[in-house]
Student: 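Take a look at the following structure, please.
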There are 2 protein chains.
Amino acid sequence: MKKQQQLYKGSLSAIIMKLLEQNGRMYGYEITQKVKEITVGEMNLTEGALYPALHKMEADGFLDVEMEKVDGRIRKYYKLTESGIKETDNKMEELENFVRNMQSIVNLKLT
Amino acid sequence: MKKQQQLYKGSLSAIIMKLLEQNGRMYGYEITQKVKEITVGEMNLTEGALYPALHKMEADGFLDVEMEKVDGRIRKYYKLTESGIKETDNKMEELENFVRNMQSIVNLKLT
DNA sequence: TGCCATACCTAAGATTAATAAGTATGAAAA
DNA sequence: TTTTCATACTTATTAATCTTAGGTATGGCA
């Protein structure tokens, strides 16, 4: 049993937005699975964090939603709005600056 | 006026510990100045976050304190304990894993 | 039948940083 | 000389964001 990577608080929205940017549209559960897949199980987005985050981003006008019934189950597909695309760029710049600054301070070893 | 970099929550203790590891011992105010200097003003540790964090790390046994009076002012010098050194390694490994995973997900552009 | 994966949801709690306010010294500027 | 600024510490309140822990429901498989 591998140790779960804890999320640094503030990074979740960047993850969501970037995945939506890359994939066009996704539904919540799909996002959790994608993150698990990409990080080989090291990161696990909890649903208790994910869904409220999606709702907030929608309320903020960064995401649009489409409901679809697939195999008897409801899926809510999210995609970035125009404003969401801009916000994605902002978030990414912030994240990159953060990592750069952390690099300077703590001398990260990234293989 | 440059935009201040917000801290991703969870990163503060890693910053403090790594600076103490590099510099042997430091006092609170010195840590804030060091971070400002290294990041060219982009990061600004708020004192309301820093001091409580130092107190908690001391309470957790990761830091030792020495009080000194310099120029009529009290300074509290902190240094890592044995347990603090181990914790520093853990924190750094976590941080590196986090950045690696973020790399895989969002494709960070680091100059 | 019961369990598991899928797919959504929310309430309560914990953690952690920001904001804002305070105390105090000493040096430099007005 | 009075005020302002940098130094140096402190704490309480607020805000943001995640975890934990529950809940509902469908459909496939053992």
Side-chain angles (χ1 to χ4, degrees), chain A residues 3-17 25-37 41 43-60 62-63 65-78 87 91 94-95 98 101-102, chain B residues 3-17 25-37 41-60 62-63 65-78 91 94-95 98 101-102:
Chain A
K3 194 168 54 178
Q4 285 291 318
Q5 169 75 59
Q6 65 159 39
L7 271 191
Y8 281 68
K9 295 189 186 180
S11 58
L12 179 57
S13 60
I15 295 177
I16 294 172
M17 287 181 165
R25 66 170 208 167
M26 300 180 82
Y27 54 100
Y29 187 76
E30 187 185 8
I31 295 177
T32 66
Q33 298 310 300
K34 195 73 178 174
V35 167
K36 219 179 271 180
E37 177 199 322
M43 265 194 192
N44 188 31
L45 298 197
T46 62
E47 299 187 324
L50 178 72
Y51 291 113
L54 287 171
H55 300 161
K56 177 161 196 314
M57 292 160 86
E58 188 195 348
D60 288 343
F62 299 138
L63 301 185
V65 195
E66 285 164 20
M67 309 261 282
E68 267 178 49
K69 195 159 192 174
V70 181
D71 294 328
R73 287 189 207 85
I74 293 286
R75 282 186 190 166
K76 292 177 74 176
Y77 279 97
Y78 291 92
E87 184 67 6
K91 284 275 176 198
E94 259 183 38
L95 180 58
F98 170 74
N101 283 324
M102 289 303 284
Chain B
K3 193 170 53 177
Q4 286 290 318
Q5 168 76 59
Q6 64 158 35
L7 274 190
Y8 282 68
K9 297 191 184 180
S11 59
L12 179 58
S13 60
I15 295 177
I16 294 172
M17 286 180 166
R25 65 170 209 169
M26 300 179 83
Y27 54 101
Y29 187 75
E30 187 184 10
I31 295 177
T32 67
Q33 299 309 300
K34 195 74 180 174
V35 167
K36 220 178 273 180
E37 178 198 322
E42 281 185 45
M43 266 192 190
N44 188 31
L45 298 196
T46 61
E47 298 186 323
L50 177 72
Y51 289 112
L54 286 171
H55 300 160
K56 175 159 198 316
M57 292 161 84
E58 188 196 347
D60 288 343
F62 299 139
L63 302 184
V65 194
E66 285 164 19
M67 310 262 282
E68 267 178 48
K69 196 160 192 174
V70 181
D71 295 328
R73 286 190 209 84
I74 292 286
R75 280 187 192 168
K76 291 177 77 174
Y77 280 96
Y78 291 90
K91 285 273 176 199
E94 259 183 38
L95 181 59
F98 170 73
N101 282 327
M102 288 303 283

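Numbered from 1 within each chain, the chains take letters A, B, ... in sequence-line order.
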Student: Give a yes/no on whether any side-chain N or O of Thr46(A) is located under 4.0 angstrom from OP1 or OP2 of dC18(D).
Tutor: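 So the side chain of Thr46(A) is outside the cut-off, no N or O lying under 4.0 Å from OP1 or OP2 of dC18(D).
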Student: Report the distance from atom CD of Glu68(A) to atom C1' of dT6(C), rounded to the nearest whole Å.
Tutor: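 Glu68(A) atom CD is separated from dT6(C) atom C1' by 16 Å.
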Student: Measure the spacing between CD of Glu47(A) and CD1 of Ile31(A) and express it to the nearest 0.5 Å.
Tutor: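 It is 11.5 Å, given to the nearest 0.5 Å.
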Student: How many whole angstroms separate atom CG of Leu54(A) from atom P of dC18(D)?
Tutor: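 It works out to 11 Å between those atoms.
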Student: Within the 4.0 Å heavy-atom criterion, would you say Ser11(A) contacts the bases, only the backbone, or no part of the nucleic acid?
Tutor: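 Sugar-phosphate, no base atom in range.
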Student: Can you work out whether Gln6(B) or Gly48(A) has the more 5'-proximal nearest nucleotide on DNA chain D?
Tutor: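 Final value for this comparison: Gln6(B).
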Student: I need the Leu7(B) CG to Lys9(A) NZ distance, nearest 0.5 Å.
Tutor: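 Reported value, rounded in 0.5 Å steps: 13.5 Å.
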Student: Measure the distance from CD on Glu58(B) to C1' on dT11(D) and round it to the nearest whole Å.
Tutor: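 For the pair Glu58(B) CD and dT11(D) C1', the rounded distance is 16 Å.
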Student: Let me know, please, whether Leu45(B) or His55(A) comes out on the 5' side of the other along DNA chain C by nearest nucleotide.
Tutor: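 Closer to the 5' end of DNA chain C: His55(A).
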Student: For the pair made of NZ in Lys9(B) and P in dT14(D), what is the distance, rounded to whole Å?
Tutor: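 One finds 15 Å between P of dT14(D) and NZ of Lys9(B), rounded.
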Student: From CG of Leu50(A) over to P of dT10(C), roughly how many Å is that when rounded to an integer?
Tutor: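 The distance from CG of Leu50(A) to P of dT10(C) comes to 12 Å, rounded to the nearest Å.
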Student: Of the nucleotides dT19(D), dT10(D), dC18(D), which one has an atom closest to the side chain of Leu12(A)?
Tutor: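 Within the option list, the nearest is dC18(D).
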Student: Nucleotide by nucleotide, 5' to 3', does protein get under 4.0 Å of the base (B), only the sugar-phosphate (S), or neither (-) in nucleotides 2-8 of chain D, counting heavy atoms?
Tutor: ----BBS
Student: To the nearest Å, how far apart are Met17(A) CE and dT17(D) P?
Tutor: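 Whole-Å distance recorded here is 11 Å.
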Student: Taking atom C1' of dA17(C) as reference, at what distance in whole Å does atom OH of Tyr8(B) sit?
Tutor: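 Computing the Tyr8(B):OH to dA17(C):C1' distance gives 14 Å.
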Student: Return the minimal non-hydrogen interatomic distance between Gly41(B) and Gln4(B), and the atom names on each side.
Tutor: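 Result for this residue pair: O-NE2, 3.3 Å.
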Student: Going from NZ on Lys34(A) to CD1 on Ile16(A), what distance comes out if it is rounded to the nearest 0.5 angstrom?
Tutor: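 CD1 of Ile16(A) is found 15.5 Å from NZ of Lys34(A).
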Student: Calculate, to the nearest 0.5 Å, the distance between atoms OH and CG belonging to Tyr8(A) and Leu95(B) respectively.
Tutor: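 Those atoms lie 4.5 Å apart.
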Student: Between Glu68(B) and Arg25(B), is a salt bridge (charged side-chain N to carboxylate O under 4.0 Å, His left out) present by the stated rule, with each step listed?
Tutor: CA-CA 12 Å; Glu68(B) 267 178 48; Arg25(B) 65 170 209 169; 2.9 Å; yes
Student: Which pair of heavy atoms, one from Gly28(B) and one from Leu54(B), lies closest together, and at what distance?
Tutor: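 For Gly28(B) and Leu54(B), the tightest heavy-atom pair comes out as CA-CD1, 4.0 Å.
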Student: Rounded to whole Å, how long is the line connecting atom NZ of Lys56(B) with atom C1' of dA14(C)?
Tutor: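 The answer, rounded to whole Å, is 11 Å.
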